[in-house]
Visitor: 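Below is a structure I'd like to ask you about.
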Amino acid sequence: MIVLSNNDGCAVARTAEAKALGIRMGAPMFQIRDLCRREGVRVFSSNYALYGDMSARVNAVYRDFSPRIEIYSIDESFLDLSDVRPDQRGSLARDMRSTVQRWTGIPTCVGIGPTRTLAKLANHIAKKNPGLSGVCDLSDASVRAAWMARVELAEIWGVGAAGARKLMALGARTVADVASLDPRRVRQAMTVVGERLVHELNGHACLDLEQMTPTRKGCAVTRSFATRVTDLPTLLQAIAAHATRLGEKLRREGLVTDHVTVFFHTSPHDPGTARSVSTTAGLPEATNDTLVLTSAAQDAARRIWKDGYRYAKAGLITTDLVPLANAQRALIGGYDRERSAALMAALDACNARFGRGTVVPASAGIVDQRAWATKFEMRSPRYTTRLDETPVIRAA
DNA sequence: TCTGGGGTCCTAGGACCC
DNA sequence: TCTGGGGTCCTAGGACCC
């Protein structure tokens, strides 16, 4: 089985069987379609609603085990176990793992270590060594040293392709080698990020548990089109849809922006002349009002539109986000915050209850989404969040 | 012949994460 | 025909201030 990226573009998750068939990470679907058909590979679109809901359920279980938790990504969390006696951490981890399995059906691995980098390493070891039954505890220094000598440095959290090359140039090959490097030399090659990494591998924490998610600094909505877009009205519909989504994301976090960057471009894979353009529209006053964002973004897109190209992707990017309460009011050309807030709340409530896109601004135009809306043609049911997609059981 | 010594802010680009 | 979508952090260098 494989799962595809947005727009059913590339294989981004593969079972062991799919990997054995030679399906590579990121393989374009159109290149492996025949193989999948021939070998009976089950192919699924991404199902973000399902992933988000299952993630929340798993984290709810974690919270029962440690109230001090950092949700790091959709499928990883850090838990503070410093109040748990070292000799009891392993059994707690096994208990947690089986509880998650029983209550959600999700298989997990647990890595334990004195720093976040070592916990990540422990998790990697747990995943790769079935004999450990999904739990690896690197609290003990001698146990740790033995494992670190057996893992290649490229597996270290924070070491990518460039970092791996630099560390090898310093003569390191394994994680243990990196831990024994002089932090100052690593800093010269990899800035302070590299120096922190060495300290973390030696059990000295440089990265704290971040229980409070800091308010985000930027927000983007960008999508490839289902098919190439060659006319302005279609592009403007996509821009309106992206602006609508952007407004939703900002409102959910109580943030506003006073400028939005619009971009669109042709595909780097297409023959012919490429075109990639962007422009930034300033707003009189920071806002998260969908109507304001939509018209500003559409105006900006009109300014840089040019016929004669087959556009593949468009997006909106905002930076310098500010909490609504801290946002400077405009002396001239502002908007009525109270009216806007009431209207947006009604809009969000409708769309939350009846599905995204139920109510959209008329300024977005008559919408025919088929040309540009992202493809999810093989999505599994949203079992846990949509009543009409729950499994049906019939008794004969 | 000779041309100071501090600061801050912004941006682009690189590197990394999931 | 067809190739994903988000994020964060760090540094160097330019531009500016007094």
Visitor: Are A:W372 and A:Y311, when compared by the centres of their aromatic rings, separated by less than 6.0 Å?
Guide: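 Centroid separation for A:W372 and A:Y311: 6.0 Å or greater.
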Visitor: Among B:dC18, C:dG6, C:dC2, which nucleotide has an atom closest to any side-chain atom of A:R310?
Guide: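 Of the options given, the side chain of A:R310 lies nearest C:dC2.
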Visitor: Of the nucleotides C:dG5, C:dT3, B:dC18, which one has an atom closest to the side chain of A:S224?
Guide: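 Looking only at side-chain atoms, A:S224 lies closest to C:dG5.
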Visitor: At under 4.0 Å, does any side-chain N or O of A:R223 touch on OP1 or OP2 of C:dG5?
Guide: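 No.
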Visitor: Rounded to the nearest angstrom, tell me the gap between atom CG in A:L4 and atom C1' in C:dG4.
Guide: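 In whole Å, C:dG4 C1' and A:L4 CG are 11 Å from each other.
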Visitor: Write down the distance between CZ (A:R187) and C1' (C:dC9), rounded to a whole number of angstrom.
Guide: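 It is 14 Å, rounded to the nearest whole Å.
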Visitor: If you look at every strand shown and take non-hydrogen atoms under 4.0 Å, does A:D8 touch a base, only sugar-phosphate, or nothing?
Guide: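 Nothing, no nucleic acid heavy atom in range.
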Visitor: Give the rounded distance in Å between these two atoms: CH2 of A:W372 and C1' of C:dG5.
Guide: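 In whole Å, C:dG5 C1' lies 16 Å from A:W372 CH2.
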Visitor: From CG of A:D320 over to P of C:dT8, roughly how many Å is that when rounded to an integer?
Guide: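 Whole-Å distance recorded here is 12 Å.
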Visitor: Roughly, in whole Å, what's the span from CD in A:E377 to C1' in C:dT1?
Guide: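 Going from A:E377 (CD) to C:dT1 (C1'), I get 12 Å.
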Visitor: Taking only side-chain nitrogens and oxygens of A:K313, does any of them come within less than 4.0 Å of OP1 or OP2 of C:dG6?
Guide: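 The answer is no; no side-chain N or O of A:K313 sits under 4.0 Å from OP1 or OP2.
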Visitor: Check the distance between C:dC2's P and A:Q31's CD and give it to me in whole angstrom.
Guide: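 In whole Å, C:dC2 P and A:Q31 CD are 13 Å from each other.
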Visitor: Which nucleotide in the list C:dC2, B:dC18, C:dC10 gets nearest to the side chain of A:R196?
Guide: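 Among the listed nucleotides, the one closest to the side chain of A:R196 is C:dC10.
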Visitor: Would you mind checking if A:R116 and A:E200 are paired as a salt bridge, meaning a charged N to carboxylate O distance below 4.0 Å?
Guide: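 The answer is no: the pair does not qualify as a salt bridge.
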Visitor: Choose from B:dC16, C:dT3, C:dG5 the nucleotide whose nearest atom is closest to any side-chain atom of A:A162.
Guide: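 Selected nucleotide: B:dC16.
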Visitor: Quick one: look up who C:dC10 pairs with, Watson-Crick or G-U, both distances under 3.5 Å, and put none if it's unpaired.
Guide: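 Across all strands, the one nucleotide that pairs with C:dC10 is B:dG13.
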Visitor: Grouping I, L, V, M, F, W and Y whenever their side-chain heavy atoms are under 4.5 Å apart, do A:L347 and A:Y335 come out in a common cluster?
Guide: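 No: no chain of side-chain contacts under 4.5 Å links A:L347 to A:Y335.
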Visitor: Considering heavy-atom distances to DNA chain C, does A:K217 or A:M29 have its closest nucleotide positioned more toward the 5' end?
Guide: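 Whichever sits nearer the 5' end wins; that is A:M29.
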Visitor: Name the closest nucleotide to the A:V192 side chain, picking from C:dC2, B:dC18, C:dT11.
Guide: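 Of the candidates, C:dT11 comes closest.
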Visitor: For A:A161, report the nucleic acid contact type (base, sugar-phosphate, nothing); a contact means any heavy atom under 4.0 Å.
Guide: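 Sugar-phosphate, no base atom in range.
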Visitor: Which nucleotide sits closest to the side chain of A:S73: C:dC2, B:dC18, C:dT8?
Guide: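 For A:S73, the side-chain atoms sit closest to B:dC18.
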Visitor: Whole angstrom is fine here: how far is it from CE in A:M25 over to P in B:dC18?
Guide: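 In whole Å, B:dC18 P and A:M25 CE are 11 Å from each other.
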Visitor: Side chain of A:N6: nearest nucleotide among C:dG4, B:dC18, C:dC10?
Guide: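 For the A:N6 side chain, the nearest candidate turns out to be C:dG4.
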Visitor: Output the single nucleotide from C:dT3, B:dC18, C:dC10 whose closest atom is nearest the side chain of A:R228.
Guide: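 Per side-chain heavy atoms of A:R228, the pick is C:dT3.
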Visitor: Specify the separation, in whole Å, of atom CZ of A:F30 and atom P of C:dT3.
Guide: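 For the pair A:F30 CZ and C:dT3 P, the rounded distance is 7 Å.
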Visitor: Would you classify A:E76 as touching base, sugar-phosphate or nothing, given that sugar-phosphate means primed atoms plus P, OP1 and OP2, and contacts are heavy atoms under 4.0 Å?
Guide: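 Here A:E76 touches the backbone only, sparing every base.
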Visitor: Using side-chain contact (heavy atoms from CB on, under 4.5 Å) as the criterion, point out the one residue from A:L246, A:V256, A:T261, A:L255 that pairs with A:T318.
Guide: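 That would be A:L246.
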Visitor: Heavy atoms only, 4.0 Å cut-off, all strands: where does A:V221 land among base, sugar-phosphate and nothing?
Guide: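 Touches sugar-phosphate only.
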Visitor: Check whether more than 12 heavy atoms from other residues, nucleotides or ligands sit under 6.0 Å from atom CG of A:D83, and answer yes or no.
Guide: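 Counting neighbours around CG of A:D83, 12 or fewer heavy atoms of other residues, nucleotides or ligands fall under 6.0 Å, so no.
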Visitor: For A:K375, report the nucleic acid contact type (base, sugar-phosphate, nothing); a contact means any heavy atom under 4.0 Å.
Guide: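 Result for A:K375 = nothing.
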Visitor: Please pick, from C:dG4, C:dC10, B:dC18, the nucleotide with the shortest atom-to-atom distance to any side-chain atom of A:V193.
Guide: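 Ranking C:dG4, C:dC10, B:dC18 by closest atom to the A:V193 side chain puts C:dC10 first.
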Visitor: Return the 5'-most residue of the pair A:T222, A:A226 with respect to DNA chain C, ranking by each residue's nearest nucleotide.
Guide: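 On the 5' side of the pair lies A:A226.
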Visitor: Could you tell me whether A:G26 contacts a base, only the sugar-phosphate backbone, or nothing, with contacts defined as non-hydrogen atoms closer than 4.0 Å?
Guide: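 Contact class for A:G26: none.
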Visitor: Fit a plane to each ring of A:F78 and A:W157, take the angle between them on a 0 to 90° scale, and name the class: parallel (under 30°), tilted (30 to 60°) or perpendicular (over 60°).
Guide: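 Taking A:W157 first and then A:F78, their aromatic rings sit tilted (interplane angle of 30° to 60°).
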Visitor: Locate the shortest heavy-atom distance separating A:I106 from A:V100; write the atom from each residue and the value.
Guide: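 Closest approach of A:I106 to A:V100, heavy atoms only: O-CG1, 3.5 Å.
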